[in-house]
Amino acid sequence: MPLPDQLNAEIDARREDLIALTQDLLRIPTLNPPGENYLEICEYLSNRLRGSGFTVELIRAHGTPGDSEKYPRWNMIARREGKRPGECVHFNSHIDVVDVGHGWTRDPFGGELVDGKIYGRGACDMKGGLAASIVAAEAFLAVNPDFSGAIEISGTADEESGGYGGVAYLAEKGYFSPERVQHVIIPEPLNKDRICLGHRGVWWAEIETHGEIAHGSMPFLGDCAVRHMGAVLEEMEENLFPALAQKRTDMPVVPEGARQSTLNINSIHGGQSEGDEDFTGLPSPCVPDSCRVVIDRRFLLEENIEDVQAEIRDLLEGVEKKRENFRYDLKELHRVLPTMTDKDAPVVKTVAKAIAQTMGKEAEYVVSPGTYDQKHIDRIGKLKNCIAYGPGILDLAHKPDEYVGVEDMLDSAKVMGLSLLELLARP
């Protein structure tokens with residue numbers, strides 16, 4: 001039997017193991033924030049992969065955002081060396097999941113299997129992808145133990161909150177350097193026949209308008225910061241949002257609405273702080289002297305960060321010229337530049353070939369509307385040969401009753417395994 005057929009048969013034979021592994025991972029509630037049970041899931045993965053002949057490191061990202069004795073930021077990297085020198089293929093999955101939220105009809109940490117779907121928070125984003133990469137690697141080792149190069153599998157922290165306690169920290173320590181790793185596949189849920197080449201850029205900023213506090217019965221003696229912010233928002237509605245809608249990209253961003261520049265008002269707060277939940281009194285009558293909004297600007301490969309920032313500064317300066325006593329502060333909170341791997345990159349061509357072999361169709365190339373850990377591998381690790389590919393339906397991420405399909409995981413595991421054959425099984 002040809003080696004690819006042997007591999008696919010081996011993966012099919014591991015169906016029940018794949019299901020059980022996914023369920024075990026889902027039953028460890030690694031909620032972020034605050035960052036619960038990171039060490040528990042890393043130790044679980046370590047035990048599994050040591051049993052398959054991997055050498056394992058557990059790495060705490062000391063001093064990164066959120067790291068504390070109560071919620072330490074733990075990461076796991078497992079490596080299996082081949083019989084001969086060669087390239088390294090790295091599968092990187094994040095271990096954290098977002099808040100459960102409301103609207104679930106199934107136990108979010110139960111790992112329930114119903115009609116070929118495994119339900120739970122993180123099922124598609126992205127513990128199903130993590131499980132598929134492990135089974136793919138183990139099946140590859142079973143049929144081709146005499147391989148060249150190395151395989152790495154990582155479970156990393158905090159992707160949902162920026163990845164600074166996970167991939168960013170590891171990249172700074174050299175774990176994603178091109179000398180150590182040559183190909184990276186991130187099993188994010190982009191649909192099993194898609195290759196995600198990269199993502200748009202993001203710029204978060206806080207705008208604060210200032211006023212003067214006074215008694216609410218005599219607002220003319222003060223200066224309302226909320227009204228000043230209203231003028232900013234009105235300028236955005238009338239001019240900025242229409243202008244952003246005209247900016248289009250050649251990046252294959254999905255969904256279609258994200259092929260333009262976008263801006264979200266992430267939060268707004270003006271005046272007194274809200275009272276504790278058990279406080280039943282009324283607020284005091286005061287003119288607010290401060291109002292703050294956080295903006296989330298997503299930008300395209302064709303734009304540069306300086307122009308993105310200048311749009312907001314120009315808008316604020318325009319309001320300042322028209323509005324008496326208008327004062328403001330603008331503070332950057334976060335920035336990520338857009339990234340997109342070339343379609344001719346080795347890992348792209350390899351995974352595309354494996355998709356065609358497995359599913360009998362050409363791969364679709366997409367770009368993510370939001371960022372993920374490729375940003376750190378690219379910018380910090382200086383490793384361009386990186387994609388996202390994994391099982392799961394992107395639209396289910398962060399939703400109630402999130403699930404991953406068993407058949408999707410099996411197909412994706414076959415794509416990952418065939419990619420290992422192509423990259424590492426050669427003499």
Side-chain angles (χ1 to χ4, degrees), residues 31-33 65-66 92-99 101 121-130 156-168 171 184-191 194-206 241 244-245 247-267 294-305 308 332-341 364-380 386-400 402 404:
L31 287 167
N32 178 33
N92 165 247
S93 299
H94 65 83
I95 57 176
D96 58 322
V97 302
V98 298
D99 185 27
R121 175 54 84 221
C124 82
D125 185 17
M126 58 181 295
K127 291 180 177 179
L130 171 57
T156 52
D158 285 2
E159 188 275 344
E160 298 291 2
S161 55
Y164 297 100
V167 171
V184 177
I185 298 172
I186 303 175
E188 289 276 10
L190 274 304
N191 300 11
R194 289 174 166 180
I195 296 172
C196 185
L197 301 173
H199 52 72
R200 295 191 299 173
V202 56
W203 184 61
W204 280 48
E206 181 186 79
F241 283 112
L244 296 182
K247 296 187 177 190
R248 306 291 295 178
T249 183
D250 290 330
M251 302 172 81
V253 187
V254 290
E256 177 63 28
R259 295 197 69 173
Q260 66 177 50
S261 298
T262 59
L263 176 71
N264 179 52
I265 307 298
N266 199 70
S267 64
V294 173
I295 59 171
D296 176 354
R297 171 74 158 86
R298 303 293 168 138
F299 61 101
L300 313 172
L301 199 63
E302 294 84 352
E303 300 179 90
N304 64 66
I305 185 66
V308 168
E332 178 179 292
L333 302 178
H334 177 56
R335 69 162 70 184
V336 175
L337 299 180
T339 185
M340 190 167 75
T341 301
E364 181 183 353
Y365 300 98
V366 299
V367 165
S368 174
T371 70
Y372 55 94
D373 278 333
Q374 184 171 341
K375 58 183 177 282
H376 301 310
I377 293 167
D378 179 2
R379 304 297 177 186
I380 303 174
C386 174
I387 59 167
Y389 170 77
I393 300 168
L394 180 60
D395 294 353
L396 296 175
H398 300 197
K399 297 280 287 182
E402 178 185 350
V404 65

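Because the structure is predicted, anything quoted here is derived from the model rather than measured. The figures that follow rest on heavy atoms only: side chains count, while hydrogens, waters and symmetry mates do not.
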Enter the distance from [X]:[atom1] to [Y]:[atom2] here, rounded to the nearest 0.5 Å.
X: Arg298; Y: Gln260; atom1: CZ; atom2: CD; value: 14.0 Å
X: Cys386; Y: Ile185; atom1: SG; atom2: CD1; value: 9.0 Å
X: Tyr389; Y: Ile195; atom1: OH; atom2: CD1; value: 8.0 Å
X: Ile387; Y: Ile377; atom1: CD1; atom2: CD1; value: 11.0 Å
X: Leu244; Y: Phe299; atom1: CG; atom2: CZ; value: 12.5 Å

Go through the structure and list residues passing side-chain contact (heavy atoms from CB on, under 4.5 Å) with [X], not counting sequence neighbours.
X: Val254; answer: Arg194, Val366
X: Asp99; answer: none
X: Asn266; answer: Trp204, Asn264, Val294

Going by the rule salt bridge (charged side-chain N to carboxylate O under 4.0 Å, His left out), which residues pair with [X] if we only count those two or more places apart in sequence or in a different chain?
X: Glu302; result: none
X: Asp158; result: Arg73
X: Asp378; result: Lys384
X: Arg335; result: Glu332

Correct closest heavy-atom pair for Lys399 and Asp395 would be CG-O, 3.3 Å
Minimal heavy-atom distance between Asp96 and Ser161, with the atoms involved, is OD2-N, 4.3 Å
Side-chain heavy-atom pair [X], [Y] within 4.5 angstrom cut-off:
X: Ile186; Y: Met126; answer: yes
X: Leu396; Y: Pro189; answer: no
X: Asp125; Y: Glu160; answer: yes
X: Pro369; Y: Pro255; answer: yes
X: Gln374; Y: Thr341; answer: yes
X: Ile295; Y: Ile265; answer: yes
X: Thr339; Y: Arg379; answer: yes
X: Lys375; Y: Leu337; answer: no

The side-chain hydrogen bond (donor to acceptor under 3.5 Å, both in side chains) partners of Lys247 (sequence neighbours excluded) come to Glu303, Glu311
With sequence neighbours left out, the residues meeting side-chain hydrogen bond (donor to acceptor under 3.5 Å, both in side chains) with Asn191 are none
- request: Examine the side chains of Ser93 and Glu159 and answer whether a donor and an acceptor come within less than 3.5 Å of each other.
  value: no
By ring-ring contact (aromatic ring centres under 6.0 Å, His included), Tyr372 pairs with (sequence neighbours left out) His199
Residue set satisfying ring-ring contact (aromatic ring centres under 6.0 Å, His included) with Tyr164, at least two apart, ordered chain then number -> His334, His376
Margin query: If we ignore hydrogens and angles and just use 3.5 Å, is the side chain of Glu188 paired with the main-chain N or O of Gly390 as donor and acceptor?
Written below: no
Exercise. Report yes or no: does Arg200 contribute a side-chain atom to a donor-acceptor pair with the main-chain N or O of Val253 at less than 3.5 Å?
Key: no
Contacts satisfying side-chain hydrogen bond (donor to acceptor under 3.5 Å, both in side chains) that involve residues 250-259 (not counting sequence neighbours) are Arg248-Glu256
Check step by step if side-chain contact (heavy atoms from CB on, under 4.5 Å) holds for Val98 and Asn32. CA-CA 5 Å; Val98 298; Asn32 178 33; over 6 Å; no
